Number of protein chains: 2
Amino acid sequence: MATRLSDVAARAGVSVKTVSNVINDYPHITARTRAKVEAAIAALDYKPNVSARSLRKGRSDFIALAIPEMGSPYFAELGAAISRAAKRRGVTVLIDQTEGEADAERFVLDGMRGQLIDGIIFSPLATAPAKLTSDSTGKPLVLLGERPAGGQFDRVAVDSVQASHDATSHLVSLGRRRIAAIGVGGTSTGAVRRKGYRKALKEAGLPHDPALELAGTGYHRPDGAASMRELLALPNPPDAVFCFNDLLALGALRTLADAGLRVPEDVAVVGFDDIEDGRYHSPSLTSISPDKEWLADSAVALLLDRITGNDNSTHRDLTVPYKLEIRESSAG
Amino acid sequence: MATRLSDVAARAGVSVKTVSNVINDYPHITARTRAKVEAAIAALDYKPNVSARSLRKGRSDFIALAIPEMGSPYFAELGAAISRAAKRRGVTVLIDQTEGEADAERFVLDGMRGQLIDGIIFSPLATAPAKLTSDSTGKPLVLLGERPAGGQFDRVAVDSVQASHDATSHLVSLGRRRIAAIGVGGTSTGAVRRKGYRKALKEAGLPHDPALELAGTGYHRPDGAASMRELLALPNPPDAVFCFNDLLALGALRTLADAGLRVPEDVAVVGFDDIEDGRYHSPSLTSISPDKEWLADSAVALLLDRITGNDNSTHRDLTVPYKLEIRESSAG
DNA sequence: CTGAAAGCGCTTACAG
DNA sequence: CTGAAAGCGCTTACAG
């Protein structure tokens, strides 16, 4: 029914091997032969069967992107960028939502066996950092985001300690003295960003007040809104807040608006991720802006180098460039 | 290297066929045989080779979701829901970003041949409605969103005319007389939603003012912000705006905030899609809220019925339930 | 209920 | 530079 390689070969009057050579761009084919084959391919509207090819080659040209959720803006934007980067390099991305569940993440770390993919880009959430130190998967895997030192995985990530330090220092430079942090709990992201936050406070000679560090239960708007409510209930509320991602910051802004407080006059707010929502919010949100295109392209390139065996170095650790985008929520 | 079916068979002391039967849940296998096989599978940690299976069966259990972009919130939320729905039904979703390009959409309509997928869920943007009337693809395809009557595709969509009518009528009920529309241009979405908008105005006996219908160049925040600026520059600006999606509405809200206008007192705003950003915005955004889980589940179920041949009816047209969520941007 | 064998459509040594 | 043939790991008639 479907046209096969042999149909093309028959029509072009050459062997199957020759057609395969043309399709796979092997050298040493006369222009005339190539033209004949290409004409036959066009005439029959032939498309190679991907299953057969991957069965034979042991490669599918699929890679997986395993993220906690594709519905939240940061991962949506990241997924879009990785998907484009992969397409440019001729591979297809298959997005796996772990929902932050330990079982799903274990499956990913185990190489998603039987899943027809050549490698994985993985943004862990539930998995404890310690579990990430040994490479159990049979497939190449590139880690996104924080990870304790000494890990054995390739990784692409922002220097979160430095970025968090910059964000906090920016608030200090505005003359703020009681700077809160939202998102310190749970994940390794929280721990790493808190480190930068504390470092900046210390440098500025500001006291470290545990009451100003809010853990919350997650990294979404409702969590930010709830944490901000807690902060406002304090006898001595903060005059600035560094939120460990933009969703938390947008939730916090909502609480501040409800409370009738002015941003940045009463409370300055800084986020992390630079998602589009923040740029259009009123007030627009100051945020750490990682170069997502760079991140996406580097992660895909690194993974493909591992898959093809072009890169046999020990694990690589790439640092994503970022900027602090200063906007209305912390202006002046 | 990798364990194969025959390895399992050898270890279990049965034929390859028997192992295949167990894996595929065929009946007529004694409990004892099944137990033996399952023990061997567990012992060898065997996972079937997906390429071989799909080559042989002609099915991959992959479906494609072709959308303009996965980075924008509506599609991100939709993609997440479809991905979950597919997982529940044992198939994997592969997301294809068309970027709204005609070539990419043509490829989708052509069945994404050679792409190892059993069927497609497609949200068209660039393709002219007329092109959507004949089924050129060899693979089952479910269309999402507006489409002219008489098409030959399966489809799952909100009744946009009715929903737009409801949104506009709601603004009328608030006593607004100059109700603008943003997003009327270009796509068929714009045309269909304008129809409902005009219908509601007519029912209310309100004049139809072409100056209040803004096309804009797209459906993102900057487009909404720009259109709102145009409206405010009018000699007689509107007292309400119905934006054809939430991103447009969020952009419009930003312009209104910049202009120092109060929402909803000076201008009431309603959106469409009910993305999470709108729910947390200040003011929170009134919006048409389609049941995305219903949409996702229905689209996947319909597609799988076509793939398996369980459904041989002529094309189906499913209508997604929706609600008008009234929030601060149009309250009182 | 189970076994032996063919075949899905490719790619790749192996000859020529 | 090209051809004939094996084989990737499954599933599925076909026998028994």
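Throughout, a chain's letter reflects where its sequence line sits, starting with A, and its residues are numbered from 1. Treat the numbers as computed from the prediction; the structure is a model and nothing was measured. For the numbers below, each heavy atom of this structure counts, side chains included, while hydrogens, waters and symmetry mates do not.
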Interatomic distance where [atom1] belongs to [X] and [atom2] belongs to [N] [whole Å]:
{"X": "A:Asp7", "N": "C:dC8", "atom1": "CG", "atom2": "C1'", "answer": "14 Å"}
{"X": "A:Arg4", "N": "C:dG7", "atom1": "CZ", "atom2": "C1'", "answer": "11 Å"}
{"X": "A:Lys47", "N": "C:dC10", "atom1": "NZ", "atom2": "C1'", "answer": "17 Å"}
{"X": "A:Arg32", "N": "D:dC1", "atom1": "CZ", "atom2": "P", "answer": "14 Å"}
{"X": "B:Arg59", "N": "D:dT12", "atom1": "CZ", "atom2": "C1'", "answer": "16 Å"}
{"X": "A:Leu55", "N": "D:dT11", "atom1": "CG", "atom2": "P", "answer": "12 Å"}
{"X": "B:Arg53", "N": "D:dC10", "atom1": "CZ", "atom2": "C1'", "answer": "8 Å"}
{"X": "A:Leu5", "N": "D:dA5", "atom1": "CG", "atom2": "C1'", "answer": "14 Å"}

Task: Among A:Leu144, A:Ile67, A:Asp297, A:Ile95, side chain to side chain contact (heavy atoms under 4.5 Å, CB included) partner for A:Ile82 - done: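 With A:Ile82 as partner, side chain to side chain contact (heavy atoms under 4.5 Å, CB included) holds for just one option, A:Leu144.
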- [ ] Taking all non-hydrogen atoms of both residues into account, name the closest pair between B:Asp61 and B:Gly90 and its distance.
- [x]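 That closest heavy-atom pairing would be CB-O, 4.2 Å.
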Selected nucleotide, minimal atom distance to [X] side chain, candidates [options]:
{"X": "B:Tyr46", "options": "C:dC10, D:dT2, D:dC10", "answer": "D:dC10"}
{"X": "A:Arg56", "options": "D:dG9, D:dA6, D:dT12", "answer": "D:dA6"}
{"X": "A:Thr30", "options": "D:dC1, C:dT12, D:dT11", "answer": "D:dC1"}
{"X": "B:Pro48", "options": "C:dT12, D:dT2, D:dC10", "answer": "D:dC10"}
{"X": "B:Lys17", "options": "D:dT2, C:dA4, C:dT11", "answer": "C:dA4"}

Task: DNA chain C base-pair string [pairs: Watson-Crick or G-U under 3.5 Å; |: paired with another strand] - done: |||.||||||||.|||
Open item on the list: Between B:Thr33 and A:Ser51, which residue's closest nucleotide on DNA chain C lies nearer the 5′ terminus?
Closed with: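 It is B:Thr33 whose nearest nucleotide is closer to the 5' end.
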Task: Position toward the 5' end of DNA chain C (nearest nucleotide), B:Thr18 or A:Ser6 - done: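 Between the two, 5'-proximity favours B:Thr18.
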TODO: Indicate, with a heavy-atom threshold strictly under 4.0 Å, whether B:Val14 touches base, sugar-phosphate, or nothing.
DONE: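 Sugar-phosphate only.
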[X] (side chain) donor-acceptor with [Y] (main chain) under 3.5 angstrom:
{"X": "B:Lys87", "Y": "A:Gln97", "value": "yes"}
{"X": "B:Ser298", "Y": "B:Trp294", "value": "yes"}
{"X": "B:Lys292", "Y": "B:Asp273", "value": "yes"}
{"X": "B:Glu276", "Y": "B:Glu77", "value": "no"}

Open item on the list: Are B:Phe122 and B:Asp96 packed together at the side-chain level, in the sense that at least one heavy-atom pair is separated by less than 4.5 angstrom?
Closed with: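 No, too far: nothing below the 4.5 Å cut-off.
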Task: Nearest-nucleotide comparison on DNA chain D, the residue closer to the 5′ end among B:Ser20 and A:Lys57 - done: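 So the residue in question is A:Lys57.
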Open item on the list: Test salt bridge (Lys or Arg N to Asp or Glu O under 4.0 Å) on A:Arg155 and A:Asp317; report intermediate values, then the result.
Closed with: CA-CA 5 Å; A:Arg155 187 179 74 134; A:Asp317 207 323; 3.0 Å; yes
Open item on the list: I want to check one thing: is the phosphate of C:dT2, taken as OP1 and OP2, less than 4.0 Å away from some side-chain N or O of B:Ser15?
Closed with: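 Checking B:Ser15 against C:dT2: no side-chain N or O falls below 4.0 Å of OP1 or OP2.
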